[in-house]
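To start, the structure itself, in structure tokens.
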Amino acid sequence: MRIASVGRYLPDRVVTAEELAPLLNVDPEWIIEKAGVAERRWVDGESPVEMASWASEEALKKADLEAEDIDLIIHAAATPHQFIPDTAVLVQRELGLGMSGIKSFSVHSTCLSFLTAFEIAASHIAAGIHENVLITSADIGSVGIDYSEPESAALLGDMATAVVVTGNHDSDSAIRSFVFRTYGEGADL
């Protein structure tokens with residue numbers, strides 16, 4: 001398998017550390033030093049479905065593929081557009097594939113959502129189940145910021161990305177292994 005292309009969407013609204021600092025009751029320098037983020041993007045009316053679709057269109061164009069060439073859509077994010085039907089189904093429809101029957105589903109494993117989706121895509125391609133997989137991720141973290149926790153609030157922004165992963169039968173390009181571990185004992189932390 002190989003990554004055939006990557007697309008992205010960044011909202012126009014830029015929120016600087018200077019703008020965010022008074023909301024978090026910290027200095028802008030603290031945000032930059034502790035979080036390493038001088039500016040982030042926040043939506044101004046965009047939805048996760050729109051952002052994921054725009055990123056997908058860019059990725060498909062870069063891969064020289066049509067939407068109809070995709071045989072699996074996985075949306076990987078911590079903040080879904082809605083739960084039922086899930087975001088992947090709405091992205092499928094937004095790409096004009098609503099009557100295609102292309103398998104579409106979402107995975108939610110917080111910060112590891114993309115890696116989880118990548119593992120699923122790699123497994124499906126290696127097993128010969130799918131050839132062209134579109135992975136989208138659109139998160140709008142700005143809507144859930146807890147300003148009383150500056151350590152996490154300083155990190156959150158909004159954006160979308162899309163990756164086209166394809167079979168690569170002419171190369172030894174592959175994922176050699178994945179290791180994910182979950183420790184539920186720390187869930188309250």
Side-chain angles (χ1 to χ4, degrees), residues 1-12 41 43 45-141 143-144 156-182:
M1 64 161 290
R2 68 183 180 92
I3 296 174
S5 66
V6 176
R8 69 177 186 159
Y9 174 80
L10 295 172
D12 289 334
R41 303 295 180 105
V43 295
E46 301 96 330
S47 75
V49 173
E50 291 170 326
M51 295 191 322
S53 298
W54 295 329
S56 296
E57 289 168 356
E58 180 179 312
L60 288 165
K61 183 177 180 180
K62 287 180 177 179
D64 198 26
L65 293 173
E66 299 296 325
E68 295 79 13
D69 296 325
I70 297 299
D71 45 25
L72 173 61
I73 299 171
I74 306 173
H75 185 73
T79 58
H81 180 82
Q82 64 187 38
F83 289 107
I84 299 172
D86 72 29
T87 307
V89 173
L90 302 174
V91 170
Q92 180 208 55
R93 183 178 68 188
E94 192 73 17
L95 293 174
L97 301 170
M99 293 299 292
S100 67
I102 293 170
K103 186 189 310 183
S104 303
F105 60 85
S106 295
V107 295
H108 168 66
S109 52
T110 60
C111 296
L112 296 175
S113 295
F114 177 82
L115 293 175
T116 302
F118 196 71
E119 178 185 31
I120 293 166
S123 299
H124 281 227
I125 290 170
I129 299 168
H130 299 292
E131 184 66 22
N132 297 314
V133 179
L134 174 65
I135 303 171
T136 66
S137 184
D139 272 314
I140 300 180
V143 299
L156 299 177
D158 309 330
M159 67 157 303
T161 189
V163 175
V164 175
V165 183
T166 64
N168 190 19
H169 309 292
D170 299 328
S171 169
D172 63 353
S173 174
I175 302 299
R176 302 293 180 216
S177 68
F178 277 96
V179 176
F180 289 106
R181 292 189 175 100
T182 303

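Rounding to the nearest 0.5 Å gives a distance of 4.0 Å between OG1 of T166 and CZ of R2. Considering CG of D69 and CD1 of I102, their distance stands at 9.0 Å, rounded to 0.5 Å. Considering CD1 of I70 and CG of L95, their distance stands at 9.0 Å, rounded to 0.5 Å. M99 contributes atom CE, which lies 10.0 Å from atom CD of Q92 (distance to the nearest 0.5 angstrom). Atom CZ of F114 is separated from atom OG1 of T136 by 10.0 Å, given to the nearest 0.5 angstrom. Taking CG of D139 as the start and OG1 of T161 as the end, the distance is 11.0 Å to the nearest 0.5 Å.
Residues R93 and L90 have side chains in contact (heavy-atom distance under 4.5 Å, counting atoms from C-beta outward).
Between V133 and D71, the closest heavy-atom pair is N-OD1, 4.4 Å. Contact between P11 and Y9 at its shortest, heavy atoms only, is N-CE2, 3.6 Å. Nearest approach of A160 to A52, heavy atoms of both residues: CB-N, 3.8 Å. Pairing each heavy atom of L115 with each of F178, the nearest pair is O-CE2, 4.0 Å. For the residue pair P48 and I140, the shortest heavy atom distance occurs at CD-CD1, 3.5 Å. Annotation for A59 and A162: closest pair CB-O, 3.7 Å, computed over non-hydrogen atoms.
Counting only residues at least two apart or on different chains, the side-chain hydrogen bond (donor to acceptor under 3.5 Å, both in side chains) pairs with a member in residues 112-123 are S109-T116.
Formation of a donor-acceptor pair under 3.5 Å by the S137 side chain with backbone atoms of A76 is found in this model. Under a 3.5 Å cut-off, the side chain of T79 and the backbone N or O of G141 do not form any donor-acceptor pair.
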**Request:** Under the side-chain contact (heavy atoms from CB on, under 4.5 Å) rule, what do E46 and D158 come out as? Steps first, then yes or no, please.
**Result:** CA-CA 10 Å; E46 301 96 330; D158 309 330; over 6 Å; no
**Request:** Quick one: do L97 and E68 satisfy side-chain contact (heavy atoms from CB on, under 4.5 Å)? Show the steps, please.
**Result:** CA-CA 7 Å; L97 301 170; E68 295 79 13; 4.0 Å; yes
**Request:** Applying side-chain contact (heavy atoms from CB on, under 4.5 Å), run through I175 and M1 and close with a yes or a no.
**Result:** CA-CA 8 Å; I175 302 299; M1 64 161 290; 3.6 Å; yes
**side-chain contact (heavy atoms from CB on, under 4.5 Å) between M159 and R41, intermediate numbers included** = CA-CA 7 Å; M159 67 157 303; R41 303 295 180 105; 5.7 Å; no
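A parallel orientation is assigned to the rings of H130 and H124, their planes being inclined by less than 30° (bins at 30° and 60°).
Atom CZ of F83 has 12 or fewer neighbouring heavy atoms from other residues, nucleotides or ligands inside a 6.0 Å radius. More than 12 heavy atoms of other residues, nucleotides or ligands shown are found within 6.0 angstrom of CZ on R176. Residue-environment remark: CD (E66) stays at or below the threshold of 12 foreign heavy atoms within 6.0 Å.
A salt bridge between E58 and K62 is present, with a side-chain N of the basic residue lying under 4.0 Å from a carboxylate O of the acidic one.
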